[in-house]
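Inspection log for the structure reproduced underneath, given as structure tokens.
We count ligands from 1, going down the list as the structure has it; atoms in each ligand are counted the same way.
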Amino acid sequence: MRFLPLFFDLTHGPVMLVGMGPQALAKLRILKAAGALVRWHVLSHDDVEVDETEGVDLRIGLPTSEDFLGAVALVASAGAATDQRLAGQARAMNLPVNIVDRPDLSTFIFPSIVDRGDVVVAIGTGGTSPVLARRLREKIEEVLPERIGEFAGLMGRYRERLNALRHRGFSTRQFWERVIDGPIGALFLSGRSAKAEAALIIEVDRAGLGSPQQGHVQIVGAGPGDPDLLTLKAFHALQSADIVLTDDLVSSAILARVRRDAEIVHVGKRKGQPGIGQDAINSRLIAEAKAGRNVVRLKGGDPFIFGRGGEECQALEAAGVTVTIVPGITAALGCAAEAGLPLTFRKESTRLSIITANTAAGAENIDWSGLADRSTTVAIYMGLTAAASVRDGLVAAGRDPQTPVAVLARGTRPDSRSVTGTLSRLPALAAAAGEGPALIVVGDVVAHSRAWKEAVELLEMAA
Ligand code: SAH
């Protein structure tokens, strides 16, 4: 490490900027963003645009020795010979100097920056590869929540009050860890800042009284299977969990993204074995949250689409536990994208119905009227074993038996399989698709899918 990253307060005196061109302008922008008083030396007025000079002390001509007095730093990009001379002058006066693209002449360099207000990340490569620094910055941008800077600001406002409790042996470190990883952080980062602040005030008061903090539940959609289809928010939730209660539908590739120290509990129905049941799941969620743990309830697809997320949410709220919902990519969207199957199509298919074939009254009693219209795409969840009822019901309601259908099994997983054909043959197609989970899509849009086109090509080759 040749350069130590430090955070420099540039508001106390002028920063000299010498030179023109895009690189000097980039430095001007970053210096202004940091609140620096910039004294900008250019060769003539013609060199600069008026809006660039706003709030800047513009000087014509190179800096004189007097200009160096009182300056807090020098930044230059003014041509090799001038730069070298300026760097020598600055160094002789122990003035921090940056010559653009010349780490050898510089006593400080500009890192690549992720700027989220109070939260700033600096990435340096010692001047060896600005492009690498930029790539790293992009990766960090992706994983840092958007509101993290404002969140830091909120914590900053309560820091003094917490520090005042230190003399009683209170651990402020543990307190803030719980705030950051727990419900308050989750609420704030999901945009509910007023609620987060109210919860923080309660916790600060509880800390004053010596009471422990309460936990929190995040009901998280894991998407259809491919771990890269997790949302960033879901990923953050998995990384901050103390315990994860997961459904069987969630793929092992996704469970591999859970924080290593977290406890993972399978609560869903597993092949051949019943799950622990909804009431037991609700009670467990409540008990874990009340014990102060950071709970993630992980569900396949989206928690609010045939996921019983609504019921769990109500049970938790009734028990006074704070809940946040993290949406996921539902099976219909994930499977359709993978199969190149547009769920709507201009003029042709203007309506999408998401339905389940697993109803209390049984698949043969589903009311199919309203789904017979040609312009409606029907995405049927939990329909694999009820394929014959689905076909019979739709045809009886008036849907054309020649309507294109797709059975999309194990969508977005390594062993995914899509089978297409017409509605009249749906039971055979379902059998050919193999094991679930599988989604049935009925509608003219299926003829636009990649799977359908490939099947047609095969038929033509055989003919
Ligand atoms: N909440 C989930 C749905 C749960 S119901 C979601 O939003 O996707 C379970 C049904 O979802 C399965 O029977 C199947 O119809 C569908 N499903 C879930 N994951 C799937 C996948 N990877 N491929 C195909 N269908 C899937």
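- In this structure, ligand 1 sits under 4.0 Å from heavy atoms belonging to Pro224, Leu249, Gly300, Gly301, Asp302, Ile305, Phe306, Thr330, Ala331, Cys335, Tyr381, Met382, Leu408, Arg410, Gly411, Arg413, Pro437, Ala438, Leu439.
- Every residue was checked against the side-chain hydrogen bond (donor to acceptor under 3.5 Å, both in side chains) condition with Arg399, not counting sequence neighbours, and none meets it.
- Judged by distance alone, the side chains of Glu338 and Ser416 do bring a donor and an acceptor atom under 3.5 Å apart.
- In this structure, Glu138 pairs ionically with Arg135, as a charged nitrogen and a carboxylate oxygen lie closer than 4.0 Å.
- With hydrogens and angles left out, the side-chain atoms of His266 and Thr246 include no donor and acceptor closer than 3.5 Å.
- At a cut-off of 3.5 Å, with distance as the only test, a side-chain donor of Asp101 or Gln23 sits close to an acceptor on the other residue.
- No option in Val265, Ile243, Asn294 other than Ile243 meets the side-chain contact (heavy atoms from CB on, under 4.5 Å) test with Glu288.
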